[in-house]
Protein chains: 2
Amino acid sequence: MAATMKDIARLTGLSLATISKYLNGGHVLPANQQAIDQAIHQLGYTVNSVARSLKTRRSMTIGVLIPHLENVFSTSIISELEDKLHQIGYSTIICDYHHDPALEAEKLGFLTDRQIDGLVMMPLSGCREALAKLKERQIPVVLIDRPVEGLDCDAVLVKNRKASFQAVSRLAEAGHERIAVICGPQGVYTADERLYGYKDALTHYRIKIDEDLIQYGHYDTESGYTLTARLLDRQKPPTAVFVTNHEMTYGAVLAVHERDLLMPDQLSLIGFDHQLLNQVLRPKLAVVMQPLKQIGHTVAELLLNRLTGRDHQCPAQVRYLDAVWQNGGSYGPLS
Amino acid sequence: MAATMKDIARLTGLSLATISKYLNGGHVLPANQQAIDQAIHQLGYTVNSVARSLKTRRSMTIGVLIPHLENVFSTSIISELEDKLHQIGYSTIICDYHHDPALEAEKLGFLTDRQIDGLVMMPLSGCREALAKLKERQIPVVLIDRPVEGLDCDAVLVKNRKASFQAVSRLAEAGHERIAVICGPQGVYTADERLYGYKDALTHYRIKIDEDLIQYGHYDTESGYTLTARLLDRQKPPTAVFVTNHEMTYGAVLAVHERDLLMPDQLSLIGFDHQLLNQVLRPKLAVVMQPLKQIGHTVAELLLNRLTGRDHQCPAQVRYLDAVWQNGGSYGPLS
DNA sequence: ATAACAAGGTGAAACGTTTCGCTTTGTGAT
DNA sequence: ATCACAAAGCGAAACGTTTCACCTTGTTAT
């Protein structure tokens, strides 16, 4: 139905080779140029990129595999990434694995069948072997947020430990000693790192580490709420709480509001990643913010280096980005 | 590099046709079946879907074009949609046009070049002609959120007018007469509809429509904040405010918090689409919620009807979905 | 005049599948 | 034995591009 190069050839009397050359930026005689343009217009021709991909062996498509689309962390990065990739002609196939390792593996397989030229992934289980196979086939992979154990692979990570250290340090400097932390599941890379940062800070300020003040959640609103509530309802509650991800911060704020505690007088709170929520909260929440746009940007950069062959065979590159501190009135000196 | 069917043919001694048949679910002798499976495993063969697409003339790909990825409204719908489509073998190419009509047109072209089998779009300018051309080529298009004028096309819309009417009715029933509305830009479909609903309700309750209480924003946090602030700082402020989208609701809440106004005693507020924010606000905000999952689901359904040819040539289908009322303590009777 | 060369153009072979029409083989009924 | 028929397999032609090696022309330097 749709017009093909053959139709243009017929209309202009030129050969396929010439038309292809012109379409790909080659030189042809001005008269022919005009004839081709005219034919294209008349036929409403657009290139069939499937055929092109088959021949060139490049799909000009990047797979993106993330835990969940309804999540500012992912979408903010992807929005940036999609833009950068689009600018140089790549499209992005996005797959959401709903935090499910089985789906993660399944959709990864789906993407590789699709002949993607590159993959960007926020791993959960990791699929180490599948990824290794991709790399063997020279398909670049860039990981976000967490590395995959035992896989030597480009990645863009945030300096979680340092960010955590700095946030908790601020609480310590304000005089707090009973500082609680709501962290993610043990064994999850970012959760472990953020917890280390917390411990680093306490050690640095010679505050004894009290295991009772360390609460392990599931990085979701629910556990943020429950764990914070449990802490606040104790006989001797902490005077400060550091919450280590976006979702749990929601939960923590809710628990605080519910108890009508005033920040920072009755409780100091530092959260994670909350630009949106922060537009409406009073006092403004002090938060550690991951540099989402910069992550997207850096991912694109690493990917392009590989795709354009500039870094064809060099060793894996891992970029560590600094988190951004956003101040707010939700913490302060002990009163 | 990667193995092809030819390699399997060589290894098994069978012909391409037989292998293709088996791969697509046809019957072959048990012995051959085993031989093929064994060869596939040994070679690590996976089908090249680019080649398949070229031959079958179906890319098994759906284009998704939205104003902005960092937006719960879009991503929630897309997450659902991506899932449904994936289940039957389709992948989704997502393009974000950053609320820019030029990019909208450009990325639409990009998608059509990619030989998409279908398109899901939240239109801004609409690109009526490009869409009409797609439909001519029998490529199904499903619109979300707003129709495109002059284009007869499948769409999934929300009953905005009705939802708005009901929300404002609640305010009226609570005794309010000075009810303000923060609406979107004039001329934008959803904004107009929601404003009609507001007016419908006032008329129904015999409240005089006061143009001064109708504020036109840009559907962003900034204007939600500014317009609400302006209303509240008047000599004679409204006693109730209805805010008609997600972003502007953020702004409105901020303005209210800033002025330390207690809801519902000093002000009644009804917002739009706020499940997340609502997890932390006290009192809980009463909101009109668009049924995002249901929208995603319905879009998938319409699309599939077309793709599977069930609805091959029948007229455009428009589905109108009901918004969901979520109660909250942010509004109440006049005190 | 002629050799050397650049510029523009061409035919045909790929890329990895699917599919059409045909042949071969095996089975059971006559 | 023969025939009819179903099942399984096969060869070859597509799908719409790109690209290689080659050809034709026209220009310039000698």
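The shown structure was predicted, so the numbers you read here are calculated from the model rather than taken from an experiment. Just so you know, these numbers use all the heavy atoms, side chains as well, and skip hydrogens, waters and symmetry mates. Naming convention: chains lettered A, B, ... in sequence-line order (proteins, then strands); numbering from 1 in each chain.
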Practice problem: Rounded off to whole Å, could you give me the CE-to-C1' distance for the Met60(B) and dT18(C) pair? | Solution: 15 Å
Self-check item: Side chain of Lys55(B) (C-beta onward), nearest among dT17(C), dT17(D), dA8(D)
Solution: dT17(C)
Self-check item: Residue whose closest nucleotide on DNA chain D lies nearer the 5' end, Tyr45(A) versus Pro30(B)
Solution: Pro30(B)
Quiz item: Can you find a side-chain donor-acceptor pair between Gln34(B) and Gln38(B) that sits under 3.5 Å?
Solution: no
Quiz item: Taking NZ from Lys6(B) and P from dA13(C), how many angstroms apart are they, rounded to a whole number?
Solution: 14 Å
Self-check item: Sidechain N-carboxylate O distance under 4.0 Å for Lys107(A), Asp83(B)
Solution: yes
Practice problem: Take the protein atom CZ of Arg57(B) and the nucleotide atom P of dT17(D), then report the distance between them rounded to whole Å. | Solution: 11 Å
Quiz item: Between Leu54(A) (CG) and dT19(D) (C1'), how many Å, whole number?
Solution: 14 Å
Quiz item: Between dT17(D) and Ser20(A), is there an OP1 or OP2 to side-chain N/O distance shorter than 4.0 Å?
Solution: no
Quiz item: Do Tyr22(B) and Asp37(B) get their side chains close enough for a donor-acceptor pair, meaning under 3.5 Å?
Solution: yes
Self-check item: Side-chain N,O (Asn48(B)) to OP1/OP2 (dC15(C)) below 4.0 Å
Solution: no
Exercise. Identify, between Thr56(B) and Ser15(A), the residue whose nearest nucleotide on DNA chain C lies closer to the 5' end.
Key: Ser15(A)
Quiz item: For the side chain of Lys84(A) and the backbone of Val299(A), is there at least one donor-acceptor N/O pair under 3.5 Å apart?
Solution: no
Practice problem: Ignoring the backbone of Ala17(B), work out which of dG11(D), dA12(C), dA14(D) is nearest its side chain. | Solution: dG11(D)
Exercise. Figure out the CG/C1' separation between Asp113(B) and dG16(D), and round it to whole Å.
Key: 14 Å
Exercise. Go through the steps to decide whether Leu131(A) and Cys153(A) satisfy the test side chain to side chain contact (heavy atoms under 4.5 Å, CB included), and finish with yes or no.
Key: CA-CA 9 Å; Leu131(A) 290 183; Cys153(A) 188; 5.7 Å; no
Quiz prompt | Atom-pair distance (CZ on Arg58(A); C1' on dG16(C)), nearest Å | solution = 18 Å
Quiz item: In whole Å, what is the span from the NZ atom of Lys21(B) to the P atom of dT19(C)?
Solution: 13 Å
Quiz item: Please give, in whole Å, the distance from dC15(D) P to Leu16(A) CG?
Solution: 12 Å
